[in-house]
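One-based numbering along the sequence shown. Predicted model, so just to flag it, every value in this text is computed and none were measured. Side-chain atoms are counted along with the backbone in the values below, which use heavy atoms only and exclude waters and symmetry mates.
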Amino acid sequence: MRGSIVKRGAGYTYVLELGRDAATGKRRQKWVGGFRTKREAEAALTAALGRLQAGQFADPGRTTVGEFLEHWLDSVAPTLRETTAASYRATCVNWVIPSIGSLRLASLTPGHLTQLYASLTTNGGTGGRPLSARSVRYAHVVLGRAMKDAVEWGMLARNPVRSAHPPRVDQPVMRVWDVAQARQFIASVAGDRLEAMWVVLITTGLRRGEAAGLRWEDVDFDAGTLAVRRALVSVGYEVKVTEPKTAKGRRSVALDDLTVRALRAHRARQAEEALAAGDLWERTGYVFVRDDGRPLHPERIGVMFAQRVKASGLPPIRLHDLRHTSATLALAAGVHPKIVQERLGHASISITLDTYSHVVAGLQHEAAQRVADLLAVPSDPSTAPAS
């Protein structure tokens, strides 16, 4: 198998030799054009020849979008977190392939994709209901990565996703509790079997999977810290143990006295439960467990939280909003954003500043006034602060 490069107009085209037809003996070729430079065409031809030799695609021009996406999902899955790979596959299988899977990959245009997004927005959800703009935009992101790989693999000359127009996603209003509401929730769960978990979530800002994955070996009572080393995540409702998303996600979090006391009481209560259950208790080592010692399902934590919020009479918020509440209260209390970033496990401080910009903006006014107070010259020299 071989190929060649041909200049056509202002661009370049590669010609892939596919051998002779077994029945007619006629020469078969595949022409793929639209490359701006000869070097781009040569790179695409090399990639196409490699795939043909590996038997991945018999003919790039005949490959459908669905066939390519199935192959692409299998190819990239080993490089992704298991949850990410599962969400990519669900997006392609549920939303993309049913609509445009039969189209030839080489004929896919930005217009096809924009039409797909409009259709998903109208009736792409369960039972024909509208799909949220955020979900449609996620499909756009997944397709963007897939088609980028298609270009790099020589299957496409250009990425059509780059010129498609997904719906705009409005930034959701962040819902958090204030200090009084956070106190009311803690008071409402006093005596709850998982009281310590709710306290930990509010005071540390841990994600639900991080709290579910916490083991007693990660808690240092003497130092007053807990270590985030793993998370429990749901993949098709099956619980998987994963590493933190980023290097910053693997972290040590300082604990306050309230949280330490709650965890000590929780450990004592758990020991009593294990003793009462006897052989029925599974010694998994997790801090927050079911009544038989098995770890909590991350999605179940969200359900339990909603039940407790309803019972408390507080304004309803999502479980993840406890993380936002923790960060907001810390920033409002004057904790430096860098410390908040480290406690939350954000990859960079810019994520923290962007996420909580509404809080940081208020702190800027306070900081400005503090600097002004330092520079102000008092009318009575005797009231000046000592240097």
Counting only heavy atoms not in [X], do more than 12 sit closer than 6.0 Å to its [atom1] atom?
X	atom1	answer
R183	CZ	no
R81	CZ	yes
R145	CZ	yes

When rounded to the nearest 0.5 angstrom, what distance separates [atom1] in [X] from [atom2] in [Y]?
X	Y	atom1	atom2	result
D170	R134	CG	CZ	9.5 Å
W177	S312	CH2	OG	5.5 Å
T352	H336	OG1	NE2	11.0 Å
H71	L105	NE2	CG	11.5 Å
L108	L143	CG	CG	8.0 Å
H346	I349	NE2	CD1	11.0 Å

Side-chain heavy atoms of [X] within contact of [Y], under 4.5 Å:
X	Y	value
Y88	Y138	yes
V151	M147	no
L226	L206	yes
V200	M197	no
V161	K148	no
R208	F305	no
I301	W198	yes
V136	H140	no

Check side-chain hydrogen bond (donor to acceptor under 3.5 Å, both in side chains) between [X] and all other residues, then give those that pass, not counting sequence neighbours.
X	result
Q341	K338
R230	D218
E299	S234

**Message:** Applying salt bridge (Lys or Arg N to Asp or Glu O under 4.0 Å), can you list everything that pairs with R308, at least two apart in sequence or on another chain?
**Reply:**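 Partners of R308 under the salt bridge (Lys or Arg N to Asp or Glu O under 4.0 Å) test: D192.
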Could you tell me whether a side-chain N or O of [X] sits under 3.5 Å from a main-chain N or O of [Y], the two making a donor and an acceptor?
X	Y	value
T91	A139	no
Q181	D178	yes
R294	T284	no
T114	G111	no
S119	Q115	no
H112	T109	yes
S163	P160	no
N159	G144	yes

**Item:** Any pair counted as salt bridge (Lys or Arg N to Asp or Glu O under 4.0 Å), so long as it reaches residues 277-291, sequence neighbours left out
**Value:**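 Non-adjacent pairs meeting salt bridge (Lys or Arg N to Asp or Glu O under 4.0 Å): zero.
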**Asked** So which residues get pulled into L275's cluster when ILVMFWY side chains under 4.5 Å apart are joined, directly or through others?
**Response**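 In the cluster with L275 there is nothing else; it is isolated.
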**Linked hydrophobic residues, W281 as query - side chain contacts closer than 4.5 Å** =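 Besides W281, the cluster holds L232, V239, V241, Y286, V289.
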Exercise: identify the closest heavy-atom pair between [X] and [Y]:
X	Y	result
C92	V142	SG-CG1, 4.0 Å
L214	A227	CD1-O, 3.7 Å
V309	P316	CG1-CA, 3.9 Å
L331	V335	CD2-O, 3.7 Å
P337	L353	CB-CD2, 3.8 Å
T204	R343	CA-NH2, 3.7 Å

**Salt bridge flag under 4.0 Å for residues E273 and R193** =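 Counted as a salt bridge, because a side-chain N and a carboxylate O are separated by less than 4.0 Å.
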In this structure, would [X] and [Y] fall into the same cluster of hydrophobic residues linked by side-chain contacts under 4.5 Å?
X	Y	value
V93	L131	no
L113	W72	yes
I202	V179	no
L258	F221	yes
I317	V176	no

**Message:** side chain to side chain contact (heavy atoms under 4.5 Å, CB included) for L296 and L194? Distances and angles first, verdict last.
**Reply:** CA-CA 11 Å; L296 290 171; L194 293 172; 4.0 Å; yes
**Message:** Using the rule side-chain contact (heavy atoms from CB on, under 4.5 Å), only one of D220, L263, V199 pairs with L255; which is it?
**Reply:**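 By the side-chain contact (heavy atoms from CB on, under 4.5 Å) criterion, L255 pairs with just one of D220, L263, V199: L263.
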Listed once per pair and sorted, the side-chain hydrogen bond (donor to acceptor under 3.5 Å, both in side chains) pairs that draw on [range], sequence neighbours left out:
range	result
residues 3-13	none
residues 315-329	R318-D321, H324-Y356
residues 250-261	T203-T259, E210-R251, E243-R250, D256-T259

**Item:** Test side-chain contact (heavy atoms from CB on, under 4.5 Å) applied to A157 - qualifying residues, sequence neighbours left out
**Value:**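 Testing A157 for side-chain contact (heavy atoms from CB on, under 4.5 Å), a comparison that skips the adjacent residues, returns F35.
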**Request:** Apply ring pair (Phe, Tyr, Trp, His ring centres under 6.0 Å) to F288 and list each qualifying residue two or more places apart in sequence or on a separate chain.
**Result:**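 Testing F288 for ring pair (Phe, Tyr, Trp, His ring centres under 6.0 Å), a comparison that skips the adjacent residues, returns H266.
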